[in-house]
Each structure stands twice: as structure tokens, then as C-alpha cells.
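In what follows, chains are A, B, ... by sequence order, proteins preceding strands, each numbered from 1.
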Number of protein chains: 2
Amino acid sequence: MSMQSVVPSLSRRQSTSAGQRPMEVHGLFGSIELMGARMSYSRNAEIYGDDEPAEYLYKVLSGAVRICKLLDDGRRQITAFHLPGEIFGLEVGNTHRFTAEAIVDSSIVVVKRSTVVALAARDGDMARQLWAHTARDLQQMQEHMLLLGCLSAKERVAAFLLQIGKRMSASNEFELPMARQDIADYLGLTIETVSRTMTQLEHDDAIGLLTSRRIVLRDRAVLKRLNA
Amino acid sequence: MSMQSVVPSLSRRQSTSAGQRPMEVHGLFGSIELMGARMSYSRNAEIYGDDEPAEYLYKVLSGAVRICKLLDDGRRQITAFHLPGEIFGLEVGNTHRFTAEAIVDSSIVVVKRSTVVALAARDGDMARQLWAHTARDLQQMQEHMLLLGCLSAKERVAAFLLQIGKRMSASNEFELPMARQDIADYLGLTIETVSRTMTQLEHDDAIGLLTSRRIVLRDRAVLKRLNA
DNA sequence: CGATAATTTGATTTTTCTCAAGACGCGTGG
DNA sequence: CCACGCGTCTTGAGAAAAATCAAATTATCG
């Protein structure tokens with residue numbers, strides 16, 4: 001697993017075009033690109049590991065990332081996926097408590113945590129943005145707990161497809177970056193149950209499976225009704 | 001549900017004894033008592049509701065609180081329990097996204113959110129503490145997701161008892177403040193499964209059930225091995 | 001084209017849920 | 001003090017959901 005093909009590339013601090021003040025315009029999270037280095041991670045590469053010091057903060061440019069924890073006996077829980085434009089790896093303490101891995105070959109901007117924390121110490125608004133980001137993560141986790149605690153397999157898969165669909169594309173069609181096993185570990189199901197449930201949703205005409213990865217949402221009403 | 005027997009009582013800003021600087025000594029969370037009003041909530045009273053404006057921040061003095069969300073069809077997920085000494089209700093945005101209810105008659109300190117947020121705007125360390133608190137909540141949610149996504153019924157109940165045991169008492173014996181139904185909704189199980197699992201753990205000599213609520217942890221090793 | 005990984009499908013088992021009933025605990029009022 | 005009622009908890013039997021085991025099919029890559 002996780003072959004080490006991390007290729008750092010130097011594309012930092014490209015001069016901002018005249019008169020822009022990206023810090024104010026987009027806040028931290030719009031301007032991370034300007035402060036960090038672009039890195040490439042190949043499929044299944046580990047970006048950071050459980051219990052490692054949290055030295056960096058990451059933003060996905062392209063590709064996709066999974067945040068997960070592996071239990072001793074091999075069971076795995078994926079707590080989040082991160083798609084292009086999203087930020088991950090922000091910790092308040094100084095160690096990571098989960099592992100981050102590239103799901104497909106991914107391009108990611110990396111910023112030193114110390115830089116950001118120092119910024120926040122001087123700038124109250126920046127501090128607030130960091131807090132808000134952690135709060136957003138928390139909210140997503142709470143949503144996900146609802147899913148894991150209350151929903152049936154069919155409801156979980158439907159909720160998942162709606163969620164990813166919204167994040168991946170404005171239209172009804174999109175390509176899943178992750179394998180069935182990843183989906184299963186995210187939804188707390190087995191790969192077989194995920195597969196069967198997708199087939200079932202297709203028979204119900206709620207979705208279309210152009211290929212196993214390429215999905216069309218045909219009937220959002222049905223999918224949403226499955227949700228709470 | 002949730003009878004309105006909220007009894008505010010005025011015990012605020014009791015003069016700090018000479019020379020103490022509780023702000024610096026305990027930080028925000030040690031000194032909340034000094035900034036807020038004590039309130040009493042009776043069993044099953046709602047402390048705040050889903051989608052209500054988040055005007056206050058709360059600290060449990062005595063009793064216990066559940067944070068939950070109710071789905072349309074009656075399914076309920078409890079995302080957290082709060083025991084004496086613990087803080088809840090802190091939101092970054094200005095609405096609550098869950099409901100908080102007293103599990104038993106509870107005494108709770110209530111502080112205006114605006115007070116705390118204003119404090120944080122002036123004091124970077126305070127801001128950091130708020131962030132840290134949200135991060136702790138996040139971490140707990142992530143732990144809980146692991147439980148909901150990966151563990152069997154027996155593992156969940158064992159993990160729950162260890163967790164509550166640690167928070168309730170230094171010894172091995174403690175009284176559960178919540179009913180079986182609350183435990184079930186927290187663990188993503190049914191009340192029957194929780195009950196059966198407890199009986200089974202007792203037969204395994206992992207725990208003792210002095211009464212249905214009073215628990216003794218007899219064999220932590222067994223309980224922990226059930227955990228990850 | 002062949003090898004390997006990913007996905008789907010089928011048959012069976014296990015776990016957990018559901019429905020139903022009984023036991024227990026506790027406060028109230030006779 | 002006891003009987004009653006009510007809410008909570010436990011237990012049992014059967015049903016349902018999802019997991020497991022096994023195999024077939026399909027996609028991917030050199």
C-alpha cells in the first residue's frame with residue numbers, strides 16, 4: 001500500500017496580479033495556493049499518517065483524498081472524502097489523529113501549519129476562519145453520524161450519491177473517484193451491500209450506472225425521500 | 001415531552017476573592033460559572049432546540065444532558081452526552097443544529113454567547129480556547145463515528161460503558177444517568193439489543209449490574225479488548 | 001492477449017430488529 | 001402496609017437486514 005511517489009514541485013508565491021488583495025477577498029482559504037507548495041501524490045499514497053506531527057495543512061487542487069482510521073483487525077472507517085477546492089489536515093493540537101491518502105493521483109497544495117497559526121495569532125479574523133473551518137468539519141461529522149446511526153443501507157447509499165453529486169458537478173452526471181470498498185468503509189457497509197444497493201437503485205430508476213463509476217441521478221425525489 | 005419548568009436563579013458574578021485571576025488561571029472554561037446565571041432544568045426539559053438561535057453557551061453543574069436530532073419518522077440519533085463539568089451549546093454560526101435536553105433534573109450555568117465571542121475578539125488566547133473546544137468536540141464525534149461504522153453491538157456497549165465510567169467516577173462503580181433508550185439511540189442500536197448485550201456482558205463477568213442503572217466494571221481488559 | 005484488480009451476483013449464515021409478553025421498580029393513594 | 005398503575009427494563013420467538021463466503025463477470029493495464 002501507499003507507494004512513496006510524492007513529487008514536490010515548486011510553484012509558490014506566484015506574483016499576484018496588480019492591485020488584488022486575495023487575503024481580504026477570499027480569506028485564508030481562497031489564498032492558500034499563494035502561500036504553499038504544490039505536491040503530487042499518486043493513487044493510494046499516504047499524505048499523512050495517524051499520530052504523525054501535524055506540520056501542514058492541505059488543499060486539494062485535483063484528485064480526491066480519503067481521511068480514515070484502520071483498526072487493529074483490519075476494519076477501516078473512512079470519516080471523510082475531500083474533493084478539489086476542499087481543505088483538510090487542519091488540527092488544533094499538533095498531531096494528526098487520522099490518516100490521509102490520495103484516492104487517485106492528486107495534486108495538492110501544502111502550507112506550513114506554523115505559518116497559518118502565526119497569521120491567526122496576529123489576525124483575529126484569520127483565527128475566526130480557522131475556528132469556522134473546524135466547525136464546518138464538525139458539522140459534517142454530525143451529519144455523517146446521523147447516517148451511520150439511523151439510516152438503512154439503501155438510505156445511506158442514496159444520501160452518499162446526492163452528497164457527492166452536489167460536490168462533484170452542477171449537473172446530474174458525475175464520475176465517482178473512489179472504489180466501492182471506499183464507499184463501503186465510508187458508509188459502514190460491506191462492498192457487496194454497496195454494490196447490490198446501487199444495482200437496486202438503478203432498477204428503481206433512481207439512478208443510472210453508465211459504468212460502475214459514472215453515475216446519473218435520475219430521480220432526486222426518490223433519493224431524497226430515502227433521506228431524513 | 002419537555003415540560004417547561006425552567007427556573008432561573010440569580011447567582012452571578014459572585015465577587016472573586018482577593019487577588020485571584022480566574023481568567024488566567026482556568027481560562028474561559030474554568031471561569032464560566034463566574035460569568036453566567038445558574039438555571040435548573042427538570043428531567044426531559046428542552047434546553048435549546050434544533051434551528052433555534054444560539055444565544056447561549058452552557059456548562060453542566062449537576063445532572064446530565066443529551067444532544068440529539070429527531071428524524072421525521074421518529075428515529076433519533078443522540079450525538080453526545082454531557083456530564084457535570086462539561087460545556088455544550090457552543091456554535092460558530094448563530095443557530096443550533098441539534099436539540100439539547102436534560103436527561104435528569106439538572107443544574108446548568110448559562111452564559112451569553114455574545115459575551116464570550118466579544119471576549120474572544122479582544123483576547124487571542126480566548127479565541128484559541130473556543131477553537132480548541134470545537135476541535136475537542138470534533139475529535140469526540142470522530143471517535144463515535146468509528147464506533148458506529150465499525151463496531152458490533154457488544155463492542156459498542158463495552159466502549160460506551162468504559163467511556164461513561166471514566167467520566168462518571170474514578171472507581172469502577174457508577175450510576176448511569178440515562179435510560180436504555182438513550183443508550184440505544186447513542187449507539188445506533190435498539191433498546192432490546194442494548195439490554196441483551198448488557199446481560200451478556202454480565203454473564204461474561206465483564207461487568208456487574210447492581211441495578212439496571214448501577215454498573216460495576218469488573219474486567220476492563222475484556223471490555224477494552226472488545227474495543228479497537 | 002493475458003493477468004490482475006474491481007465489481008457484481010448468488011447462496012447461506014449471522015447479527016440485529018421487530019413484535020410480544022412478562023418482570024421489576026417506584027410512587028400514590030387506599 | 002399493601003395494591004395498583006405506570007414507566008422501564010428484560011426476555012423470547014420469529015423476521016428482516018446485512019454480512020460472509022464463494023464464484024462469475026467485467027474492466028484495466030502492461
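- Nearest-nucleotide positions on DNA chain D place B:V194 closer to the 5' end than the other of B:V194 and A:T193.
- Rounded to an integer number of Å, the gap from B:R213 CZ to D:dT10 C1' is 14 Å.
- Side-chain proximity of A:I191 to the nucleotides D:dC9, C:dT7, D:dT11 is greatest for C:dT7.
- Within 4.0 Å of B:S152, counting heavy atoms only, lie sugar-phosphate atoms of the nucleic acid but no base atom.
- A centroid separation of 6.0 Å or more is found between the aromatic rings of B:Y56 and B:Y48.
- Of the candidate nucleotides C:dA20, D:dC9, C:dG10, D:dC9 has the atom nearest to the side chain of B:S212.
- With distances taken from any side-chain atom of B:R196 to the nucleotides C:dT9, C:dT7, D:dA13, the minimum falls on D:dA13.
- Here D:dC9 is the nucleotide among C:dT9, D:dG12, D:dC9 with the atom lying nearest to any side-chain atom of B:A179.
- Out of D:dA18, C:dT9, D:dT8, the shortest distance to the side chain of A:T199 is found at C:dT9.
- Residue A:T190 has its side chain nearest to D:dT20 when only D:dT11, D:dT20, D:dA18 are considered.
- For the pair A:E86/A:R167, a side-chain contact is recorded, criterion being any heavy-atom separation below 4.5 Å from C-beta on.
- Nearest nucleotide to the side chain of A:E192, out of C:dT18, D:dC21, C:dC17: D:dC21.
- With rounding to the nearest 0.5 Å, the separation of CG in A:L187 from CG in A:L148 is 7.5 Å.
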Starting from the C-alpha separation in whole Å, work towards a yes-or-no answer on salt bridge (charged side-chain N to carboxylate O under 4.0 Å, His left out) for B:E55 and B:R113. CA-CA 5 Å; B:E55 297 188 69; B:R113 193 176 87 104; over 6 Å; no
